[in-house]
Amino acid sequence: MARDFTSVGVVGLGTMGAGIVEVFARNGVDVVAVEVSEGALERGRAILTGSTDRAVAKGKLAEADRDALLSRVRFAVGMDALHSVDLVIEAVPEHLDLKQRIFAELDRVCKPEAILATNTSSLSVTEISVATTRPNQVIGMHFFNPAPVMKLVEVVRTVVTSSDVVADVEALCKRLGKVDVTISDRAGFIANALLFGYLNHAVGMFEAHYATREDIDAAMKLGCGLPMGPLALMDLIGLDTAYEILDTMYRRGGRDRRHAPVPLIKQMVTAGLLGRKSGRGFYTYERPGSPVVVADEQTPVATEAALADGARGIAKVGIVGSGTMATGIIEVFAKAGYEVVSVTRGAEKSAKVFEAVRTSLNKGVVRGKLGEADRDAALGRINWSATLEHLADVDLVVEAVVEELSVKKALFASLDEICKPGVVLATTTSSLPVIDVAMATQRPADVVGLHFFNPAPLMPLVEVVETIRTSTETTATARAVCAALGKTGVVCGDRSGFIVNALLFPYLNDAVKMLEASYSTADDIDHAMKLGCGYPMGPFELLDVVGLDVSLAIQRELYLELREPGFAPAPLLEHLVTAGYLGRKSGRGFRDHTGR
Ligand SMILES: NC(=O)c1ccc[n+]([C@@H]2O[C@H](COP(=O)([O-])OP(=O)(O)OC[C@H]3O[C@@H](n4cnc5c(N)ncnc54)[C@H](O)[C@@H]3O)[C@@H](O)[C@H]2O)c1
């Protein structure tokens with residue numbers, strides 16, 4: 001007969017434990033909440049009441065329900081209080097010896113039929129289980145942060161976990177309104193195995209001054225639609241916990257250098273900068289435990305004046321190219337009030353681009369987002385040309401031609417001859433080194449990358465790519481232009497993948513490797529990232545949208561530039577591309593799209 005969990009115990013009331021207590025108590029389960037000392041117990045109680053009070057303030061929880069919820073929780077110091085519970089979830093710091101000690105103690109205290117679960121993120125559930133005399137009743141229940149909000153629970157079965165224990169815990173997750181994915185005991189399970197390489201890489205970018213914390217976070221939020229940027233997420237997880245998870249994953253997960261914690265993390269932990277819980281991590285918070293970020297010495301001064309400081313005035317913009325990106329960018333500039341000169345390879349191409357821009361603007365009119373007069377004015381601001389000579393008097397050129405270095409270099413050499421001095425020359429390349437393009441001119445200080453995202457009229461992000469020769473004035477101009485377009489410009493160095501692709505594609509590639517290793521299914525991996533981390537799409541959904549060929553090309557570039565063994569493209573990705581399974585555009589990628 002299936003177990004009926006009427007009372008559970010939670011050990012450790014930190015970031016995760018307090019949230020897990022809330023999840024159970026909200027769902028009518030009695031909870032015994034255990035900590036190591038009175039002080040820690042009070043901190044745990046404060047996290048719980050803070051969270052439930054916020055839910056009441058937001059109208060998400062009635063006051064009476066909050067009171068009922070809190071009345072279901074009994075707080076206690078020491079594990080003796082757990083003698084009669086049906087299930088215990090351990091959420092103490094991520095140290096194997098500590099968890100083993102706790103499990104040995106739980107084994108002694110708890111009734112023989114009780115199930116013992118760990119919320120570990122990266123340690124071996126099997127190793128924890130052998131500290132007890134009932135390893136078949138030990139299981140992983142990996143909740144996500146914040147536990148009351150995130151829908152996912154990874155249920156981790158070891159080789160000795162009884163199948164009835166797995167089934168009962170799965171049923172319990174459903175009762176709690178959670179979605180579970182059941183997997184075997186591997187470092188990082190699904191979500192953290194895919195997440196932590198990315199987080200560590202983002203910290204590495206910050207440590208190397210490749211981009212500011214705000215720009216790294218904005219890039220991933222606006223470029224990928226993530227609920228928060230990687231550094232803000234590190235603060236939410238807690239830097240001490242993140243350090244332990246990375247360290248364990250490095251040691252357990254095949255010594256992948258990408259999991260070797262970036263030195264800055266350890267330094268911050270030593271300095272007590274643990275993230276939200278200590279009031280300061282990558283960002284500074286109103287007070288310990290608060291989610292409210294306050295300004296500190298690293299906060300950029302984002303006034304209009306500061307943005308325009310040192311920027312050159314831009315009124316007339318040349319846009320070269322006639323593809324998807326050029327078309328979108330022409331629309332963006334014309335709509336924002338710039339005079340535009342579009343240069344294509346002929347009248348026919350110009351007519352096509354004109355039609356595409358007009359159709360897109362008309363959609364805005366139909367949706368009520370753009371007046372007819374504004375549409376006509378925008379179209380009227382575009383001059384159509386088939387010769388670069390017409391760029392002689394523009395203030396900025398945005399190049400969006402085919403992604404081939406020789407073509408771009410030849411174009412920049414021509415622009416160098418034609419354009420007046422002081423013009424900013426921008427390339428929209430997404431994978432070529434901007435410096436190569438810059439050095440095709442006699443004025444590399446005026447050359448910058450302006451990496452728009454597709455579709456340009458909708459996507460709010462532009463990566464402003466500085467080479468080692470770009471002048472500060474050119475960067476300031478590029479940033480001011482982004483702001484005038486209503487976009488967020490994030491500044492980064494000239495490395496393969498800039499910020500977004502460099503952080504996104506290795507994660508996608510890792511997901512393919514995980515599938516290839518048969519650790520989980522594409523559906524469960526997609527689920528895990530969406531429900532555990534709040535991603536708008538799972539990795540396989542996204543790969544099918546982006547195109548497997550495009551993804552493979554980007555991943556190859558990253559691998560070739562950084563020679564990071566972990567970046568080597570997944571063989572399965574190569575095979576699918578070879579087989580012509582390119583994603584939605586070819587009707588099949590990781591999934592079959594023909595019938596949809
Ligand atoms: N932080 C996250 O985002 C996250 C997400 C999922 C899982 N986890 C995992 O959850 C576990 C807890 O992580 P956290 O971030 O909540 O840590 P935390 O540091 O915020 O909290 C740990 C709590 O355990 C208590 N504790 C320590 N020793 C104890 C003992 N002997 N008995 C009772 N309580 C004790 C501490 O006082 C503290 O309150 C770790 O295994 C971690 O990997 C963390």
Side-chain angles (χ1 to χ4, degrees), residues 1-11 16 20 23-24 27-29 31 82-91 96 99-100 102-144 147 150-193 252-253 514-529 531-532:
M1 218 180 66
R3 293 170 181 83
D4 177 27
F5 300 95
T6 51
S7 77
V8 305
V10 175
V11 183
M16 288 310 293
I20 295 169
V23 170
F24 279 100
N27 286 280
V29 182
V31 185
L82 299 169
H83 56 85
S84 61
V85 299
D86 306 311
L87 163 76
V88 178
I89 295 161
E90 161 279 311
L96 182 62
K99 291 196 192 262
Q100 284 184 325
I102 297 227
F103 270 71
E105 177 76 3
L106 288 173
D107 190 33
R108 195 182 57 74
V109 169
C110 295
K111 59 188 184 188
E113 63 274 27
I115 293 175
L116 307 180
T118 172
N119 183 50
T120 182
S121 309
S122 57
L123 294 168
S124 160
V125 180
T126 317
E127 281 183 60
I128 294 171
S129 77
V130 295
T132 74
T133 58
R134 53 177 113 177
N136 57 336
Q137 283 162 240
V138 175
I139 194 164
M141 276 184 90
H142 184 230
F143 287 80
F144 285 77
M150 303 312 286
K151 282 258 170 277
L152 185 74
V153 178
E154 288 175 325
V155 172
V156 186
R157 66 185 313 162
T158 73
V159 286
V160 290
T161 313
S162 305
S163 46
D164 59 295
V165 169
V166 176
D168 289 351
V169 167
E170 286 173 345
L172 174 65
C173 290
K174 274 202 193 75
R175 198 177 130 199
L176 298 173
K178 300 288 183 192
V179 175
D180 85 273
V181 295
T182 302
I183 43 194
S184 59
D185 188 13
R186 197 173 110 162
F189 315 127
I190 297 177
N192 284 350
R252 279 187 75 204
M514 183 178 274
L515 181 70
E516 196 169 21
S518 301
Y519 180 61
S520 187
T521 62
D523 285 351
D524 275 358
I525 297 172
D526 276 354
H527 257 80
M529 297 317 290
L531 301 177

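Because the structure is a prediction, the values reported are computed rather than measured.
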Starting at [atom1] of [X], measure out to [atom2] of [Y] and round the result to the nearest 0.5 Å.
X: Arg186; Y: Asn192; atom1: CZ; atom2: CG; result: 12.5 Å
X: Lys99; Y: Leu123; atom1: NZ; atom2: CG; result: 6.0 Å
X: Asn119; Y: Ile20; atom1: CG; atom2: CD1; result: 4.0 Å
X: Met16; Y: Phe143; atom1: CE; atom2: CZ; result: 7.5 Å
X: Leu116; Y: Ser129; atom1: CG; atom2: OG; result: 10.0 Å
X: Ile139; Y: Ile128; atom1: CD1; atom2: CD1; result: 12.5 Å

Any non-hydrogen side-chain atom of [X] less than 4.5 Å from a side-chain atom of [Y]?
X: Leu82; Y: Val11; answer: yes
X: Asp4; Y: Arg175; answer: yes
X: Leu106; Y: Thr132; answer: no
X: Val181; Y: Phe189; answer: no
X: Val165; Y: Arg3; answer: yes
X: Cys173; Y: Met141; answer: yes

Can you run down the salt bridge (charged side-chain N to carboxylate O under 4.0 Å, His left out) pairs that involve residues 111-139, sequence neighbours left out, and say none if there aren't any?
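The answer is Asp86-Lys111, Asp107-Arg134.
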Restricting to side chain to side chain contact (heavy atoms under 4.5 Å, CB included), what partner residues turn up for Ala191, sequence neighbours left out?
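Ala191 satisfies side chain to side chain contact (heavy atoms under 4.5 Å, CB included) with Phe144, Glu154, Met529, Cys533 only.
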Could you report the tightest heavy-atom contact between [X] and [Y], atom names first, then the distance?
X: Phe5; Y: Val29; result: O-CG1, 4.1 Å
X: Phe24; Y: Ile89; result: CE1-CD1, 3.2 Å
X: Val88; Y: Val85; result: CG2-CG2, 3.6 Å
X: Ser520; Y: Ile190; result: OG-CD1, 3.4 Å
X: Ala117; Y: Leu87; result: CB-CD1, 4.1 Å

Can you name the salt bridge (Lys or Arg N to Asp or Glu O under 4.0 Å) partners of Arg252, sequence neighbours left out?
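Listed in chain order: Asp185.
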Side chain to side chain contact (heavy atoms under 4.5 Å, CB included) between Asp168 and Leu172: does it pass, once the steps are laid out?
CA-CA 6 Å; Asp168 289 351; Leu172 174 65; over 6 Å; no
Picking from Asp164, Val155, Val153, what satisfies side chain to side chain contact (heavy atoms under 4.5 Å, CB included) with Val169?
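It is Val155, the one option of Asp164, Val155, Val153 that forms the side chain to side chain contact (heavy atoms under 4.5 Å, CB included) with Val169.
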Polar contact flag, side-chain donor to acceptor under 3.5 angstrom, Asp180-Thr182
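A pair is found: one side chain offers a donor N or O, the other an acceptor, under 3.5 Å apart.
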Just by distance, no angles: are the side chains of Thr158 and Thr161 close enough, under 3.5 Å, to form a donor-acceptor pair?
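A pair is found: one side chain offers a donor N or O, the other an acceptor, under 3.5 Å apart.
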With no hydrogens and no angle check, is any side-chain donor or acceptor of [X] less than 3.5 Å from a backbone partner on [Y]?
X: Gln137; Y: Ala114; result: yes
X: Thr521; Y: Asp524; result: yes
X: Tyr519; Y: Ile183; result: no
X: Lys178; Y: Glu170; result: no

